[in-house]
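Throughout, numbering of the chain's residues begins at 1 and tracks the sequence.
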Amino acid sequence: RNAALEGELTQIGYKAPKARKTGTTIAGIVFKDGVILGADTRATDDMVVADKNCMKIHYIAPNIYCCGAGVAADAEVTTQMMSSNVELHALSTGRPPRVVTVTRQLKQMLFRYQGHIGSSLIVGGVDVTGPHLYSIYPHGSTDKLPFVTMGSGSAAAVAVFEDRYKPDMELEEGKALVRDAIAAGIFCDLGSGSNVDLCVITEAGVTYLRGFDRPAQRGQREGQYRYQHGTTAVLTETVTPLTLELLDETVQLMET
C-alpha cells in the first residue's frame, strides 16, 4: 500500500516526506537516594544553532521530571499536557502521582499518534515505591533501566554509562557520571552542545542545577589575522563603469 501511494504521488509530482534530523543528548541514572537526569542545552534547526541555552528537562510533577529529545515543540507541548493531566489525576485521587502512571499516559498518547509526535523522552522520579527511570520512544515503546540515554548523542553517552555505572552510587559520584556522559555527547555529536543541565530528584525534593557545567567554552584567540595591504598580489583588475541617473534626493534630520 505504501509503495503504491508513493508511486502515485511521484507521478503527480509530490515527494515522500523526509525524516527530520534533530540533535540532543539526554541521559539519566538511578543512584542510591533517587534519580539524576541530565541534558545538553543546544537547540538546532537543521545545521543552524537556534538556541545555545534552552531547557530540555521539563517539570511533570513535584517528584517527577522529564527530559525531551527530538522536535523541541513536540517535547515541550507533550510534557506540558502531561503535567496538566497528572495534576488533575492527583486532585481526583487525592494521592501524589507515581512515575509509572506518567509513563503509561505518555506511551499511550505517543502510540495513538503513531510516531508523528517526534518526542523521545526520559521520565525519572521518586514516588512511594522508590526511584524509577523510564525511556519512551516516539512510537510508544518503553524501557525501564537503571541508566538510559536518548538523542543523537546517546551512543557516546551510553558508552560512558556502560563503562562506569554501578548500583547504589553516591550523589556526587552520580552527578559526575551524568555530567561526563552528557559531555561525551556534546563533544562527539554536532547536534549537541553548550552547557550541561542536571536535575537531582530524591525523597527530600528536587534540585535543578541549571548550567551545572560548561564543557565547551570558547577559547582565546592566540593569533593575529590582519595582513598588510598588498600581501596578496592582484593579478588582474577589471573596472565596469555604471551609468546612474539621480531621480530624487531628500535630506532628513535625525533627532538627537
Side-chain angles (χ1 to χ4, degrees), residues 2-26 38-58 67-81 113 115-120 138 150-157 182-197 210-256:
N2 292 340
L5 288 174
E6 186 175 343
E8 294 177 2
L9 292 175
T10 304
Q11 293 177 1
I12 300 173
Y14 292 100
K15 294 182 179 180
K18 296 181 180 179
R20 183 182 294 273
K21 175 67 173 68
T22 60
T24 283
T25 303
I26 55 176
D40 72 301
T41 62
R42 172 179 289 180
T44 57
D45 181 8
D46 194 36
M47 297 307 294
V48 178
V49 178
D51 191 351
K52 297 180 180 179
N53 196 26
C54 69
M55 295 177 63
K56 300 183 182 180
I57 305 178
H58 307 283
C67 299
V71 181
D74 289 355
E76 183 78 27
V77 174
T78 299
T79 52
Q80 287 179 353
M81 291 175 58
Y113 285 90
H116 291 288
I117 296 179
S119 298
S120 300
M150 297 194 84
S152 55
S154 60
I182 300 298
I186 288 174
F187 289 127
C188 299
D189 172 46
L190 290 177
S192 306
S194 297
N195 308 329
V196 178
D197 287 350
R210 181 82 166 130
F212 177 76
D213 190 27
R214 299 180 179 181
Q217 292 191 24
R218 178 180 296 180
Q220 297 293 328
R221 180 180 295 179
E222 298 181 358
Q224 295 294 331
Y225 300 98
R226 294 186 178 182
Y227 300 96
Q228 296 294 328
H229 182 71
T231 300
T232 302
V234 179
L235 301 180
T236 60
E237 183 178 353
T238 302
V239 179
T240 303
L242 298 176
T243 303
L244 301 176
E245 181 181 356
L246 181 61
L247 298 178
D248 188 18
E249 181 178 1
T250 60
V251 177
Q252 295 181 354
L253 297 178
M254 296 179 60
E255 295 182 2
T256 58

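Side-chain N or O atoms of R42 include none that pairs as donor or acceptor with a backbone N or O of T25 at under 3.5 Å. In this structure, the side chain of S120 does not engage the main chain of P138 through any donor-acceptor pair within 3.5 Å. In this structure a side-chain-to-backbone donor-acceptor pair under 3.5 Å is present from S119 to A75. Panel note: side chain D40, backbone V196; no donor-acceptor pair is recorded below 3.5 Å. A donor-acceptor distance shorter than 3.5 angstrom exists from the side chain of T41 to the backbone of N195, with no hydrogens or angles considered.
The shortest heavy-atom contact between C54 and D51 is CB-OD2, 3.4 Å. The two residues G185 and S192 have their closest heavy-atom pair at O-CB, 3.7 Å. The nearest pair of heavy atoms linking C67 to G38 is SG-O, 3.9 Å. When all heavy atoms are compared, the tightest approach of F187 to A216 is CE2-CB, 4.4 Å. Scanning all heavy atoms of the two residues, the minimum distance from C188 to A156 falls at CB-CB, 3.9 Å.
To the nearest 0.5 Å, the span separating OG on S194 from CD1 on I182 amounts to 13.0 Å. Interatomic distance, NZ of K56 versus CG of D197, reported as 9.5 Å (0.5 Å rounding). We find the CG-NE2 distance between D74 and H116 to be 11.5 Å, quoted to the nearest 0.5 Å. Atom CG of L244 sits about 9.5 Å away from atom CG of L246, to the nearest 0.5 Å. Summarising the geometry, atom CE belonging to M47 is positioned 5.5 Å from atom CG belonging to L190; distances are rounded to the nearest 0.5 Å.
Looking only at side-chain heavy atoms (C-beta outward), R210 and N53 come within less than 4.5 Å of each other. Contact check for T22 versus T44: no side-chain heavy atoms found under the 4.5 Å cut-off.
Qualifying salt bridge (Lys or Arg N to Asp or Glu O under 4.0 Å) partners for D213, counting only residues two or more places apart in sequence or in other chains: R179.
Residue Y113 qualifies as open at atom OH: its count of foreign heavy atoms under 6.0 Å is 12 or below.
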